[in-house]
Amino acid sequence: MNPVVGSVLAYLLGSIPFAYLAGRLSRNIDLREHGSGNLGATNVYRVLGAKIAIAVLLLDTAKGALPVVFLPRWAETTHPTEWAIGFGVAAILGHVLPVFLLWRGGGKGVATAAGVFLGLVPIAMVAALLVFVAVLFVSGYVSLASLTSAALLPAILIVTHGARSPFFLMSLAVAIFVFWTHRANIGRLRRGEEQRFGKKSGVPR
C-alpha cells in the first residue's frame with residue numbers, strides 16, 4: 001500500500017465523529033449545541049452519561065492507535081517509523097477537522113493523540129496517563145489534566161529517547177497543538193470559571 005493512501009485512510013478514520021454519532025443515536029441531538037459544544041468524551045459524559053462517554057473515549061483512542069500500529073505494516077516504505085508518526089498526525093487532524101462534519105466542530109484531539117502515543121511509545125504514554133488521572137483526581141479539571149500530561153510527555157521522551165527522536169519532536173508539536181486547542185479552557189482556568197469534571201448538563205429525554 002502506498003503510504004500516502006495510508007495517510008488518507010488514517011485521516012478518514014480519525015474523522016469518524018463518534019461523539020456526534022452518540023448524540024444522534026442516543027437522543028437525536030447535536031452535541032455541538034449542548035454542554036460545552038465540544039465533540040469530546042467529557043462533553044459526552046456531561047450530556048449523555050458515563051456509559052456512552054466511556055464508549056466514545058475508547059473509540060476516539062482507538063482511532064489514534066490503530067493507524068500507527070497497523071498501517072506501517074501494510075505500507076510500502078523503508079521509513080516505517082516516520083510514516084507511523086505521519087499516520088498518527090493524520091488521525092489527529094481528522095478528529096479535529098473531520099471531513100464527515102465538513103471540517104467543523106471536531107474535538108480537541110486529546111483522546112486520539114493519546115491513542116497515537118499508546119501505539120508509538122506505550123510506556124511513556126501510560127506514565128503520562130497516570131499523571132492525567134492524578135491531576136484530575138486532585139483538581140477536578142479535565143482540561144488541566146490534559147494540559148499537564150501533554151506537557152509531561154515530551155519531558156519523558158527527551159529522557160528516554162533523546163532530543164533528536166522523532167517521537168519527542170512529535171510529542172512537542174502535539175503538546176503545543178493541545179495547548180492551542182485548549183486556549184479557551186486556559187482562560188477559564190485563570191479566571192476560576194472552568195467547570196469541574198462530574199458536573200452534568202444533560203438534556204431532556
Separation between CG of D30 and CG of L39, rounded to the nearest 0.5 Å: 7.0 Å

Same cluster (ILVMFWY, side-chain, under 4.5 Å), I176 and V121: no

Heavy-atom check, side chain of R104 versus side chain of L101, under 4.5 Å: no

Distance-only donor-acceptor hits, side chain of residues 139-146, under 3.5 Å, sequence neighbours excluded:
from	atom 1	to	atom 2	distance (Å)
S139	OG	V135	O	2.7
S139	OG	Y141	N	3.1
Y141	OH	R196	NH2	3.4
S143	OG	E194	OE2	2.7
S146	OG	V142	O	2.9

Heavy atoms from other residues, nucleotides or ligands near CD1 of I123 exceed 12 (cutoff 6.0 Å): no

Cluster overlap L172 with M170, hydrophobic side-chain contacts below 4.5 Å: yes

Test side-chain contact (heavy atoms from CB on, under 4.5 Å) applied to R32 and N38, step by step: CA-CA 6 Å; R32 295 173 295 180; N38 180 253; over 6 Å; no

Under 3.5 Å donor-acceptor, K63 side chain and L13 backbone: no

Pair H182-K108, side-chain hydrogen bond (donor to acceptor under 3.5 Å, both in side chains): steps then yes or no: CA-CA 7 Å; H182 282 75; K108 296 179 180 178; 4.7 Å; no

Gap separating the CD1 atom of I52 from the OH atom of Y45, nearest 0.5 angstrom: 13.0 Å

Any donor-acceptor pair under 3.5 Å from T112 side chain to D60 backbone: yes

F167 and T160, any side-chain heavy atoms less than 4.5 Å apart: no

Side-chain donor or acceptor of S165 paired with backbone N/O of G162 under 3.5 Å: no

Atom CD of E76 with >12 non-hydrogen neighbours under 6.0 angstrom: no

Nearest-0.5 Å distance that lies between atom CG in L97 and atom OH in Y11: 6.0 Å

Distance in Å, L58 CG paired with F18 CZ, rounded so as to fall on 0.5 Å steps: 11.0 Å

Derivation and outcome, side-chain contact (heavy atoms from CB on, under 4.5 Å), residues Q195 and R46: CA-CA 11 Å; Q195 190 174 5; R46 287 171 177 157; 3.8 Å; yes

Closest non-hydrogen atom pair between N43 and G35, with its separation: OD1-CA, 3.4 Å

Spacing of CG belonging to L12 relative to CZ belonging to F100, to within rounding of 0.5 Å: 5.0 Å

Same apolar cluster (I L V M F W Y, side chains within < 4.5 Å links), I54/L136: no

Criterion side-chain contact (heavy atoms from CB on, under 4.5 Å) against I156, the qualifying member of V159, I158, L152: L152

V47 and I29: CA distance, side-chain angles, deciding distance, side-chain contact (heavy atoms from CB on, under 4.5 Å) verdict: CA-CA 10 Å; V47 179; I29 62 171; 3.8 Å; yes

Least distance between heavy atoms, L169 atom then A163 atom: CD2-O, 3.8 Å

Cluster overlap L120 with V178, hydrophobic side-chain contacts below 4.5 Å: yes

Heavy-atom pair of closest approach, residues A10 and L71: CB-CD1, 3.9 Å

Criterion ring pair (Phe, Tyr, Trp, His ring centres under 6.0 Å) on F168 and H161, from CA distance to verdict: CA-CA 7 Å; F168 163 70; H161 289 71; 9.9 Å; no

Considering all heavy atoms, the nearest A19-L31 contact: O-CD1, 3.3 Å

Neighbour count >12 (heavy atoms, 6.0 Å) for atom CZ, R191: yes

Cluster check V8, V96: I/L/V/M/F/W/Y, side chain < 4.5 angstrom: yes

Residues, nucleotides or ligands: over 12 heavy atoms within 6.0 Å of R183 CZ: yes

Closest approach of P166 to I85 (non-hydrogen atoms, all atoms of both residues): CB-CD1, 3.4 Å

Full working for side-chain contact (heavy atoms from CB on, under 4.5 Å) between T148 and F132: CA-CA 7 Å; T148 303; F132 174 93; over 6 Å; no

Heavy-atom side-chain proximity of L21 to V56 below 4.5 angstrom: no

Shortest non-hydrogen contact from F87 toward P3: CE2-O, 3.2 Å

Gap between atom CG of L9 and atom CZ of F70 - 0.5 Å precision: 14.0 Å

